[in-house]
Amino acid sequence: MPDVNVHDKTFSPFITADLIQKRVAELGAAIDTDYAGKKPLLIGVLNGSVIFMADLLRHIKSACEIGFIRVSSYHGTESSGKVRNVMGINDDITGRDIIIVEDIVDTGDTAVYLIDEIKKKNPASIKFATILFKPTALRHAIKPDYIGFEIPPAFVVGYGLDYDGLGRNLADIYQLKS
Ligand code: 5GP
């Protein structure tokens with residue numbers, strides 16, 4: 001697979017679409033097993049999670065619902081370290097089994113913030129699903145419950161992840177070329 005250019009940067013192929021699809025199918029099957037007899041509410045974090053959410057959803061065979069939340073914490077290729085809630089969940093989630101669906105957990109700031117916010121709404125349970133996890137960048141004692149791939153700390157695009165707005169539509173995941 002060739003490199004791709006996004007804005008001023010070049011990215012190399014990292015995780016193929018085939019591999020991603022196989023892993024997402026496994027995560028869907030795991031969620032199916034874990035939530036047998038329940039009706040989880042999957043809450044996607046916009047914009048990055050849309051593609052993962054759409055794929056994951058189609059691999060969950062039992063009844064489930066979806067919703068979306070929007071936060072911003074990242075500008076360019078470096079984390080700003082700030083998390084702001086831009087668009088919240090308006091539905092009543094009291095007593096619901098929640099699965100937060102993210103594109104990537106980097107420092108974990110967003111994940112911790114979201115878990116705290118959602119806890120305030122008294123759900124029955126909260127789990128966290130992410131397609132990518134950078135364990136070396138983590139600043140909190142958390143580990144996502146459903147992880148697609150653990151990756152090194154390089155900046156990635158594709159499969160929903162962007163570089164300044166572009167690259168989300170790439171079917172494969174690419175890594176910034178150093
Ligand atoms: P955290 O709060 O865990 O530091 O960062 C989470 C958010 O940062 C993600 O939802 C994503 O928007 C952004 N992010 C972190 N690492 C990357 C990366 O390698 N590529 C892209 N495109 N976004 C990233």
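We count ligands from 1, going down the list as the structure has it; atoms in each ligand are counted the same way. All values below were derived from every heavy atom in this structure, side-chain atoms included, with hydrogens, water molecules and symmetry-related copies excluded. In this text the structure is predicted, and so the values were computed from the model without any measurement.
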Between the side chain of H7 and the main-chain N/O of D164, is any donor-acceptor distance below 3.5 Å? yes
Can you tell me which portion of D103 lies within the under-4.0 Å heavy-atom range of ligand 1? Options are side chain, backbone, both, or neither. side chain
When you compare ligand 1 with G108, is there at least one nitrogen or oxygen pair between them that comes in under 3.5 angstrom? yes
Taking both backbone and side-chain atoms of D106, is any N or O found less than 3.5 Å from an N or O belonging to ligand 1? yes
With atoms numbered from 1 as shown, which atoms in ligand 1 lie under 4.0 angstrom from a non-hydrogen atom of D109? 2 (O), 3 (O)
Would you check whether V156 has a nitrogen or oxygen atom less than 3.5 angstrom from a nitrogen or oxygen atom of ligand 1? yes
Assess whether a salt bridge exists between R96 and E65, defined as any Lys/Arg side-chain N lying under 4.0 Å from an Asp/Glu carboxylate O. yes
Does ligand 1 have any atom that is closer than 4.0 Å to a heavy atom of K134? yes
For D3, enumerate each residue passing the side chain to side chain donor-acceptor pair (under 3.5 Å) test, keeping only those at least two apart in sequence or located in another chain. K177
Best match, D162, T130, I173: closest heavy atom to atom 22 (N) of ligand 1: D162
Using a strict cut-off of less than 4.0 Å between a Lys/Arg side-chain nitrogen and an Asp/Glu carboxylate oxygen, indicate whether R139 and D109 qualify as a salt bridge. yes
D116: which residues meet the side chain to side chain donor-acceptor pair (under 3.5 Å) condition with it, sequence neighbours left out? none
